[in-house]
2 protein chains.
Amino acid sequence: MTSGAGADGPPWLTPEEKEAWTGLVSLILLLPGRLEAPLQADAGLTLFEYLVLSQLSEAPGHRIRMSELAYLANGSLSRLSNVAKRFEQRGWLTRAPDPEDGRFTVASLTEAGYATVVAAAPTHVRAVRDVVLDHVSAADGRALARVAAKLRVRPTDLARGRSDDGG
Amino acid sequence: MTSGAGADGPPWLTPEEKEAWTGLVSLILLLPGRLEAPLQADAGLTLFEYLVLSQLSEAPGHRIRMSELAYLANGSLSRLSNVAKRFEQRGWLTRAPDPEDGRFTVASLTEAGYATVVAAAPTHVRAVRDVVLDHVSAADGRALARVAAKLRVRPTDLARGRSDDGG
DNA sequence: TAGGTTGAGTTCACGCATGAAGTCAACCAG
DNA sequence: CTGGTTGACTTCATGCGTGAACTCAACCTA
């Protein structure tokens, strides 16, 4: 990608690079709001909160360690901890030390939490279709997955303890 | 993309769709922090703040109407207004009613503001390379630009007044 | 067992984004 | 020019995210 001015490239962007960057930045600045608005209106959930519930609902026993859950939901452990506290107050999940290793905390989805995510899922899926999937081709979808895999940067908080993605 | 269950598709995602969505959501949740951290450390700027300064610095006369600037920087007018207030207090920009139409407000970059963006630009460019460009191919970059163009959703705040993107 | 290290999880002060309500300029209808 | 409407912009209360400092469990070494 670089044009030969050193290993890092010049301190400015080529037109092609700028176009890619402009596109990407518009995605990351505008999409969160678009995708979150329906969830907020219908279920009072942020996108990250929905992902937390969703990951839990798909896990065996509806239980995941906090650090693993943060990784799966694409957030920091700190962010997850704050969300977990709110969810606990709403009765949507419980936390308990992992019996196998007290250093870990296992988050468990309650029935009420499961009901919440089940109720919110259609809204979320519709938003994903309306905002994204209905506008891109299958090849575009594969490109998104490919780029994301290449950029898969995880929070420094917990980049360790997980050797690789196997992606 | 849908599998024939109606115009909107079923209320769940196919494996391909889910993969695309998972990739996209990891981009929009993880990249902002990654891209912003260097700017915050070096210049005390958010990504959006940098974009505001950057757009101003590239505009003729270093002046843009607030609504146009919000559009260019991928933010709402409200968000820009808050940023502009902070920038004014730092002496980085000034605001004045548009002489041609008092309903508009024109934001102008000051010398200090220009110096700030010039100083921050190398940090920003390096972050964009380190986090994104160095990891994707030219084809990936084109895919990003293409997808972004297809999804180009602008804040409802100011979707009007601007008939189309010409993109 | 004591002392030190690692790493998971929590907390909290701070700052930013959101969005509804408000202000104001220009325009329009009568 | 009066009253009403549109739309650009601002304000502010509320809530969330961040990151540094902290607590604690398990492990390691002697």
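In what follows, chains carry the letters A, B, and so on, assigned in the order in which the sequence lines appear, proteins first and then strands, with residues in each chain numbered from 1. All values reported here derive from a predicted model rather than from experimental measurement.
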Verdict with supporting geometry, A/Leu53 and A/Phe87, side chain to side chain contact (heavy atoms under 4.5 Å, CB included): CA-CA 9 Å; A/Leu53 294 178; A/Phe87 281 3; 3.4 Å; yes
Stepwise side chain to side chain contact (heavy atoms under 4.5 Å, CB included) check, A/Lys150 with B/Asp140: CA-CA 10 Å; A/Lys150 288 180 179 176; B/Asp140 292 333; 2.5 Å; yes
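Between B/Asn82 and A/Gly44, it is B/Asn82 whose nearest contact on DNA chain D lies nearer the 5' terminus. Between A/Ala37 and B/Glu49, it is B/Glu49 whose nearest contact on DNA chain C lies nearer the 5' terminus.
Salt bridge annotation for B/Arg142-A/Glu19: absent, with no cationic side-chain nitrogen under 4.0 angstrom from a carboxylate oxygen. The residues B/Lys18 and A/Glu58 are annotated as salt-bridged, a charged nitrogen and a carboxylate oxygen being separated by less than 4.0 angstrom.
Whole-Å rounding puts the A/Leu47 CG to D/dG17 P distance at 10 Å. We find that CZ of B/Phe104 is positioned 13 Å from P of D/dT10, with the value rounded to whole Å. Rounded to a whole Å, the CG atom of B/Leu77 is 12 Å from the P atom of C/dT18. If you take CD of A/Glu68 and P of C/dG7, they are 17 Å apart, rounded to a whole angstrom. For the pair A/Arg79 CZ and D/dG19 P, the interatomic distance rounds to 11 Å; values are reported in whole Å. When rounded to the nearest whole Å, the span between CG of B/Leu80 and C1' of D/dT11 equals 14 Å. Remark: C1' of C/dA25 and CZ of B/Arg65 are 13 Å apart, rounded to the nearest angstrom. When rounded to the nearest whole Å, the span between CG of A/Leu69 and C1' of C/dA8 equals 14 Å.
Contacts between residues 83-103 of chain A and DNA chain D, defined by a heavy-atom separation under 4.0 Å, are made by A/Arg86, A/Asp101, A/Gly102, A/Arg103.
B/Thr105 and B/Arg95 are not linked by any side-chain donor-acceptor pair at a separation below 3.5 angstrom, with hydrogens and angles left out of the test.
Of the side-chain N and O atoms in B/Ser78, none sit less than 4.0 angstrom from OP1 or OP2 of C/dA20.
Using a 4.0 Å heavy-atom distance criterion, A/Ser81 is classed as a base contact.
The shortest heavy-atom contact between A/Arg129 and B/Trp12 is NH2-O, 2.6 Å.
Checking D/dA8, C/dG19, C/dG9 against every side-chain atom of A/Ser67, the shortest atom distance belongs to C/dG9. Each of D/dC16, D/dC12, D/dC9 was ranked by its minimum atom distance to the side chain of B/Met66; first place goes to D/dC9.
Dense packing is recorded around CZ of A/Arg146, with more than 12 heavy atoms of other residues, nucleotides or ligands lying under 6.0 Å away.
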